[in-house]
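Written below as structure tokens is the structure these notes are about.
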Amino acid sequence: MRNQLKFRSIFPVVLSMFLLLAGIQNLYAQNAKKNKIRLKADYVKIMDGDAYLDIKVTTKIKKKNVKVANIALTVYNEFEDEKIKLGTSTTDIKGESIFIIKNVDHIKADSTNTYTLKVSFTGNDAYKKASKRISFKDAEIAAKLISKDSLNYISATLIDKSTDSVITGEALVVQVQRLFSPLRIGKEFNNTDENGTIIVPIQEGIPGVDGNLIIEVVLDDSDTYGTLKTLINAPIGIPIVDESSYDQRTMWSPRDKTPIFILIFTNVFIIGIWGVLLYLITNLFKISKSKI
Amino acid sequence: MEENKNSRRKFLGRGLKLGLITTIGGIGLTKLATKLNAKNDAHSGKIMELMTTDGALIQIDSSEVMEMDHSQDHDKKYNVREGFPNRKFVMVVDLAKCKNALKCQSACNKHHYITGDNAWVKVYKMQESKDTAPYWMPTTCQHCDKPACVTVCPVDATFKRRDGLVLIDNTRCIGCRFCMAACPYSTRVFNWSEPKQGETSEITMEMDIEHHGHAASDPDHAGVPSIKGTVDKCDFCPHAIQNNELPHCVTACPNGVFYFGDKYEDTVNNGEETVRLSKLLTDKAGYRLMEGLGTEPSVYYLPPTNRLVDFEDGLEHYPEFQSVEKP
Amino acid sequence: MKNFDTLIKDLAPKKFGKRGVIWIGFLLIIIIAGIIAYIDQIIKGQVVTNMRDYALWGIYISNFVFFVATSFVGSVTVAILRLTNNTWRTPLVRIAEIIALAAIIMAGITIMIDMARPDRILNLFIHARLQSPITWDVIIIPTYIVISLLLLYFPLLPDFAILKKYFKTKQPKLSKRYGFLSLNWIGSKAQKLLQEKSIKIIAFMIIPVGILLQTIDAWLFSTTYRIGWDSTNFAPYFISGAFVAGVGALVTVIYVVRRFKKLEHYITGSHFDKMGKLLALACLIYLYFNINEYLIPAFTAKKGEAVHLETLFSGSYATLFWFVTIVGLIIPILVLLFKKGRKPLPMFFIGLIVVIGSWWKRFVIVTPTLLHPFLPIQGVPESWHHYFPSLHEWLITVATLAMALLIITLLVRYLPVIPIQRTADEQGLLKIDKNTKS
């Protein structure tokens, strides 16, 4: 009886020792290996297109920023102490992930018409958990191409969707889409006037495929509205002409486009000489077969 | 009294023993639990050495690496001998900015797994005459519009594309080296022996091939892998272009020396600024190497005026007899 | 006809003596060593040579050019001398044809040795680009091989018939082989007509084809931008160089064959005298082209040319350059101007010097230019700034030379080195003439 009692009192002590030790072990193990990751998330909305979060995950190895692949992320909409899960995403081999916000109407905004999203990483064996909050208000750019006195302009208006009013004094960038990076048209900062509008002249002589230019008007990384982009098709470029010699017969063309002169000369030579050689060989046969 | 002492001793003794066992057991269980957890996330403890996009080597557990979805932008009618439609690729090298940092060379060497003794990007120490200033001149293949190398190839192994690139089909090359004799820019290199691209690089190379979605030794990704007895050279990185990325030498250069772009779009980009090609060439008096030979190269040079750095700074690490770093 | 019988006895092929067997054995050893070295090259790649990215062509190519040049002797003696009615050429033509055939066959083999991927040789035919000078080479060399073979074979037909009869009792098996090769030759009118017409056609054709062969060989170099190669002079320079190399080789081989087969009655001092004059003429023409090639660029001394010429005249290749020019060209000219210099033994040494000079001359043409590219040689190991062939290259190259000599030796062994029927006809005619005169 006595022993039983003593056992009963020993047991929780021992159990707590065990748990404590195990807990210390675990914590120590966890903290010893894990690195910190840095989450960068930008809200981007393309007019008549997708709205998405452009997420980049990096970590510091030997003081250098290294991209981290295969990080599982969850995106939430934070609304009045609620965390509504919007979806998940994993970073690709470049440590980046595009999380498309399927339906902006489904996200809830707070009283100031600000949407708050949180990108969260629960951590794994290699990295500690991390999260990043992004806040933005819904806005849009309405842009069009104007032709006045045979000059072309881009006119764009920035509108705050929540209040349906124009936004003044924000800098917009106007650029034409090019292969690696867009080419800027107009000034570095085109500030919207009291009507929330900018008018930027497009210089002449910009080449484009079939004369078509795709012009972007961009609100770049605004603190309030994120990044907004609209695309305009402007058939005002100089059509691209293929200047390559690929279709011509040249000395450096592949064998199916040999210059005519060479084709003729070599074939005449080969047929001529080898024709004679074959004739001579037949002569040998004739000699062999002659009877007299 | 003695009975109490004994029972206390017994108690303590049992307690200690129990304590020890549980502690050891606890530690063991924890470790087991961690390992089990670890096994759930990691399939193997195999460590792979990989190369990041900026040329750094990192070590990752091989389970962290996942297969890429190939970019589905591949037009099914893409002909590797014709190239990207509606493009004519050009490069502009700003000699005023070159410090002989040689980052272009190391990036190119890493991304094309170059293990021979001759790099594809070479930075020459140039001085035309005694009284004219010395300068550093990076050269790549000039991707000439009238390529002497293509003209003399007897088996159509090297070819000129519509988009301006001159590429090599290493599965067809017979190793006669006539193209190397014909090139006036000395830009072609030869694989005299089995390329020692190494065990580690083989894994990375296979992943690279899968990631870019092309066959091994594809002309669009030269050197992956290289083939013994054939010729190699700079390819202007079509494998990067297809992913909307600039060639590796362009992104690696810390001084913005290389501009790259599409002549038809009249736009070039050095990783930081995007400028109109025609304006750049007019403003800075661009020229081409050995123009008089009539090769019509696709690489323009901007003269080394208004230098941002001293020529002598580049002499510090000028490897006269080396262009490929060996492990 | 007692004379005819002696003629045949003198000219018929004889078995190898002891020296012959040793000679063949010696050649075979060299050839086997070369084959082993070549197999090693196939396995390890051309890294076993000392060629690298700058000296990208080495003695394989200069050896190839040498063989192509030497094969010109067929066109010269057989065709050019024939067209100019030089009847003294008769005892020399067969040896000339044998040398030409051996040289052009070895040229074809040597160029394949330089290819780093010989397993892809069919690409040269399946994917051939007609714009490339190498493709022109691929066309012209087999053409020249076939023409040389026919030019050797047609005049042999009557000789094979004669030899069939000659060996019928002594060596019946050999006799049967000659019989097979003689294509049932009986000297009938129809056969003679066919044969003579054919020889006329071949002799006529081999001149432009031979000249084209040397020209295309030159174009392998002069279709590039390189200093020292980009010369409008190159094709005629190579043609005249081939003339020199060919006649030099002819003189050397004829001397040896004459000695070992005791043909002093047929190949007389007069023949050597005439060959000496021909060689002197060839060397003078070649000297003329050398002056145009090396002296005139020094006049304007453009930077690239000046550097190249300085390397040849006083720099790292000076010894070789002056050796091939003075010893290989100028001294032969001087010696050959004197009648005493055109006697058989001096001619043999001159021929030998000319051949050796020709071989090294082509080395001087190929290598220095490659080590002076337009852009400075930087960023490569120090050893890449120079070139001297490796052991593998020497073994393989010497093996190709030995193989050429082996072909010549075997052909000289089994073929009548002096056309029997032709000589008989000519001497027979002379005999009749003598009779009528006296």
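Below, chain A is the first sequence line, B the second, and so on; all start at residue 1.
Pairs passing the side-chain hydrogen bond (donor to acceptor under 3.5 Å, both in side chains) check and including a residue from residues 158-167 of chain B, sequence neighbours excluded, read A:Asp242-B:Arg162, A:Asp247-B:Arg162, B:Tyr78-B:Arg161, B:Glu82-B:Arg162, B:Asp145-B:Lys160, B:Thr158-B:Arg188, B:Arg161-B:Asp163, B:Arg161-B:Asp220. Within the structure, side-chain hydrogen bond (donor to acceptor under 3.5 Å, both in side chains) pairs that include any residue of residues 200-212 of chain A comprise A:Asn212-A:Asn233 (at least two apart or interchain).
Contacts between A:Leu183 and chain B at a heavy-atom distance below 4.5 Å involve backbone atoms as well as side-chain atoms. With a 4.5 Å cut-off on non-hydrogen atoms, B:Val155 does not touch chain A at all. Contact of B:Phe159 with chain A is not made at all, since no heavy-atom distance falls under 4.5 Å. Both the backbone and the side chain of B:Lys146 come within contact range of chain A, each with at least one heavy atom under 4.5 Å from a heavy atom of that chain. When heavy atoms are compared at a cutoff of 4.5 Å, A:Ile206 approaches chain B by way of both its backbone and its side chain. Contacts of B:Asp266 with chain A are made by both backbone and side-chain atoms, with heavy-atom separations under 4.5 Å. Interface remark: A:Val241 contributes backbone atoms only to the contact with chain B (heavy atom separation under 4.5 Å). Both the backbone and the side chain of A:Glu243 come within contact range of chain B, with heavy atoms under 4.5 Å apart.
Taking chain A as the reference chain and counting heavy-atom pairs below 4.5 Å, the highest number among B:Val150, B:Val152, B:Thr274 is found for B:Thr274.
Using non-hydrogen atoms only and a strict 4.5 Å limit, the part of residues 253-268 of chain A facing chain B consists of A:Pro254, A:Arg255.
Put simply, the side chain of B:Phe89 reaches to within 4.5 Å of the side chain of A:Leu179, judged on heavy atoms. Using a 4.5 Å heavy-atom cutoff, the side chains of B:Ile241 and A:Phe180 are in contact. Proximity of A:Lys94 to B:Glu245: side-chain heavy atoms (C-beta onward) are separated by under 4.5 Å at one or more points. At a threshold of 4.5 Å between non-hydrogen side-chain atoms, the residues B:Arg276 and A:Pro207 count as touching. For the pair B:Asp262/A:Arg178, no side-chain contact is recorded, criterion being any heavy-atom separation below 4.5 Å from C-beta on.
From A:Trp252, atom CH2 reaches atom SG of B:Cys144 across 10.5 Å, with rounding to the nearest 0.5 Å. From B:Glu272, atom CD reaches atom OG of A:Ser181 across 11.0 Å, with rounding to the nearest 0.5 Å.
The salt bridge (charged side-chain N to carboxylate O under 4.0 Å, His left out) test applied to A:Asp54 returns A:Lys56, not counting sequence neighbours.
Open room surrounds CZ on A:Arg38; 12 or fewer heavy atoms of other groups in view lie less than 6.0 Å from it.
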